[in-house]
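Every number for a ligand or one of its atoms is a count from 1 in the order of the listing. None of the values given here were measured: they were computed from a predicted structure.
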Amino acid sequence: MNKWSDTHCHIYGEQFDQDRKEMLLNAQKAGVKRFFLPNIDSQYTDRLLSLVREEPTMCLPMTGLHPCSVKENFREELNEVRQLYRQQESRLPSGSKIVGVGEIGLDLYWDKSFLKEQQEAFITQSEWAKEWGLPIIIHVRDAFDEIFELMDQVNSKELTGIFHCFTGSEAEAQRIIGFEGFKLGIGGVVTFKNGGLDKVLPHVPLEYIVLETDSPYLAPVPYRGKRNESAYLEIIAQRVADIYEMPIEELSRITEANTDEIFKL
Ligand SMILES: [Zn+2]
C-alpha cells in the first residue's frame with residue numbers, strides 16, 4: 001500500500017473531539033502514516049501536546065504563532081513559541097521532538113490592521129528557525145508580495161520550509177523555487193474546478209512538492225465545504241498523480257522523500 005504524510009493538519013482541534021480515534025484509523029487505512037501538526041497560538045498548545053502524547057510515533061509537533069493570531073499581545077505569544085521549543089524535552093514524550101516552526105506568515109485577507117506585527121512575528125520566528133535548524137511552515141493569504149519582501153530579508157542557506165496550501169500562479173511558484181530549500185504544500189484546492197493548480201503544477205518539478213490536507217479546512221472534492229480529514233489525502237494524491245501523469249506509487253515515493261528531506265527525518 002502507498003504511504004503518505006499529511007504535512008499540515010490541525011487534527012488536535014475541537015472539530016475532532018467526538019471521533020479522533022476513528023478519524024486517525026481511517027487515515028491509516030488510507031495509507032497516511034505521519035501527521036505533522038503546526039500550532040496556531042498558545043490556546044492550542046495543550047491540545048496539540050496531548051495528541052502527541054497519545055500518538056507519539058505518528059504525530060509530529062511544531063511550535064509557532066499563526067498570523068491570524070498576531071494581536072496586541074504577540075510578543076507574549078512569541079515567548080510561548082520559544083518556551084515550547086526550549087522545554088520540549090519535559091513537555092513531549094521521549095522520542096518526540098519539535099520538527100518545525102509553524103505556522104507563521106502573513107494574512108491580509110481577514111484583517112490588515114496588524115500587518116506590522118505580523119511582519120515582526122514572521123522575522124523573529126524565521127530567525128529562531130535558522131538558529132534551531134528547523135523548517136518554517138508559511139501561511140500566506142492575499143500577501144504574496146509582502147511575504148516575498150520578507151523572504152528577501154530573512155532567506156539564507158540555513159533557512160528551509162514549506163509554503164503551505166499553495167494556490168498561487170506559476171510566477172509565484174517559480175519565485176518560491178528560487179529561494180532554494182523551499183517546497184510547495186499542495187492540498188484540497190488541487191481538486192477544485194477553478195483552483196488553477198492543474199495549469200501551474202506541470203511547471204513545478206516534483207522534488208518541490210509535499211502533500212497536506214490542512215484539516216479540518218479546505219476539504220477536497222467531493223467533500224468540499226465539509227470537515228476535512230487526513231484520510232482525504234488519498235484523493236489529493238490521486239489528483240496530483242493525474243496532473244503529473246504518473247503512477248501513484250511513484251508519487252508516494254517522491255513526496256515521502258521530499259517530506260523526510262524538508263523535516264530532516
Ligand atoms: Zn494550517
*Asks:* Could you list the residues that satisfy ring-ring contact (aromatic ring centres under 6.0 Å, His included) with Phe74, not counting sequence neighbours?
*Replies:* none
*Asks:* For the metal site, I want the angle between atom OE2 of Glu103 and atom NE2 of His10 with the Zn ion (ligand 1) at the apex, to 10°.
*Replies:* 90°
*Asks:* Among His66, His164, Glu212, find the one that has a side-chain contact (heavy atoms from CB on, under 4.5 Å) with Ile137.
*Replies:*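 The option that passes is His164.
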*Asks:* In this structure, are over 12 heavy atoms from other groups packed under 6.0 Å from Gln18 atom CD?
*Replies:* no
*Asks:* With a cut-off of 2.8 Å, does His8 place any N/O/S atom under that distance from the Zn ion (ligand 1)?
*Replies:*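 An N, O or S atom of His8 is closer than 2.8 Å to the Zn ion (ligand 1), so yes.
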*Asks:* What pairs with Tyr232 under ring-ring contact (aromatic ring centres under 6.0 Å, His included), at least two apart in sequence or on another chain?
*Replies:* Tyr223
*Asks:* Looking at Asp214, which of its N, O or S atoms is the nearest one to the Zn ion (ligand 1)?
*Replies:* OD1
